[in-house]
Amino acid sequence: MKIVVGHLYPDYLNIYADRGNIAVLSARAQARGHELEVRPISLGDAVPTGIDLFYVGGGQDREQALVAVDLATKADALREAVESGSAFLAVCGGYQLLGRFYRDRLGSELPGIGLLPLSTVAGERRMIGDVLLACDWAGGRTLAGFENHAGRTHLDEGAEPLGRVLAGFGNDGASGFEGCRAGRVYGTYLHGPLLPRNGWFADRVLADALAHVTGEEQELAPLEDELESAAHAVSAERARRRGGRF
Ligand code: GLN
């Protein structure tokens, strides 16, 4: 089957190898006999119909400011797509813009599109380092990655985090949680890129995109993932050893 990915602002929000996430999704789709078609959606572009999975990466405050106003013009189309079952993976700066707003260190506030129940305010010191999460919603499986953000993200009451912080800062360095998920929408600070070292999660996102294609919930049979598991182990060890320290 063909899975269509709408890659938002690939020329602006791509700061930490986010293209690697797209490459992993493509490889893992092909490994199951599916095809991934990636359509860039940038400044001034209309949101095409028929997108199964949206992806938006990370960026500095400057790039976020460049895309925030344009993203607001796409909000209704993105919301309708998500309500019709499209999946969404948002990383770091893109994650922040899926909330209600991102307020930078100078106090200027960028509008978000309110797809995720959260808001973000930049703090003085950047939260940089390796991070390890436990995802109770996925049977306790772990996610390992790298974070680099000034933003402190606060989830609304009742919002679902992506995971519990086992090592690292997470959303705000205090709540003990990282990221946010709502249905088939996932937001996270984990860069690195995220997906090469977290095969199970790549398959979760891919299965959600496939569910949009077929109209039926999907589970993908796991792949060998020896290299991915080894990369995960290295990343997890680093996080336990040195995550969450300024
Ligand atoms: N500019 C945002 C922050 O500093 C997001 C950074 C990023 O995408 N890595 O929090």
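Every number for a ligand or one of its atoms is a count from 1 in the order of the listing.
- Residue-ligand proximity, Ala150 to ligand 1, at heavy-atom distances under 4.0 Å covers atoms 3 (C), 4 (O), 10 (O).
- Contact annotation: Arg126 has at least one heavy atom less than 4.0 Å from an atom of ligand 1.
- Annotation for Arg241: atom CZ counts as buried by contact number, over 12 foreign heavy atoms lying within 6.0 Å.
- The closest approach between a heavy atom of His191 and any atom of ligand 1 is below 4.0 Å.
- Looking from atom 7 (C) of ligand 1 to the surrounding protein, the closest heavy atom is Cys92 SG, 2.8 Å.
- Considering Ala65, Gly57, Gly59 only, the shortest heavy-atom separation from atom 8 (O) of ligand 1 involves Gly59.
- Note: an N/O pair closer than 3.5 Å links Gly93 and ligand 1 by distance alone.
- The side-chain heavy atoms of Leu110 and Val67, taken from C-beta on, include no pair separated by under 4.5 Å.
- Between Tyr189 and ligand 1, no N or O atom pair is found at a separation short of 3.5 Å.
- Checked against a 3.5 angstrom limit, the closest N/O atoms of Gly58 and ligand 1 fall outside it.
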When you look at Asp104 and Ser108, which way does the side chain to side chain donor-acceptor pair (under 3.5 Å) test go after all the steps?
CA-CA 6 Å; Asp104 71 17; Ser108 64; 2.7 Å; yes
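- Salt-bridge formation is detected for the pair Arg181/Glu160: a Lys NZ or Arg NE/NH1/NH2 atom is positioned less than 4.0 Å from an Asp or Glu carboxylate oxygen.
- Between Gln64 and ligand 1, a contact under 3.5 Å exists for at least one N or O pair.
- Near Gly151, the atoms of ligand 1 lying under 4.0 angstrom from a non-hydrogen atom of the residue are 3 (C), 10 (O).
- A salt bridge links Arg28 with Asp225: at least one charged nitrogen is closer than 4.0 Å to a carboxylate oxygen.
- A salt bridge does not link Glu228 with Arg197: every distance from a Lys NZ or Arg NE/NH1/NH2 to an Asp or Glu carboxylate oxygen is 4.0 Å or more.
- Aromatic ring pairs are classed by plane angle as parallel below 30°, tilted from 30° to 60° and perpendicular above 60°; the pair Phe169 and Phe246 is tilted.
- The distance criterion of under 3.5 Å between nitrogen or oxygen atoms is not met by His149 with respect to ligand 1.
- Counting heavy atoms under 4.0 Å from ligand 1, residue Asn148 touches it through the backbone alone.
- Taking the six-membered ring wherever Trp is involved, the centroid distance between the rings of Tyr55 and Phe88 does not fall below 6.0 Å.
- Applying the 4.0 Å criterion to heavy atoms of Tyr16 picks out, from ligand 1, the atoms 9 (N).
- Salt bridge annotation for Asp156-Arg100: present, with a cationic side-chain nitrogen under 4.0 angstrom from a carboxylate oxygen.
- Heavy-atom contacts of Tyr102 reach the following atoms of ligand 1: 1 (N), 2 (C), 3 (C), 4 (O), 10 (O) (cutoff under 4.0 Å).
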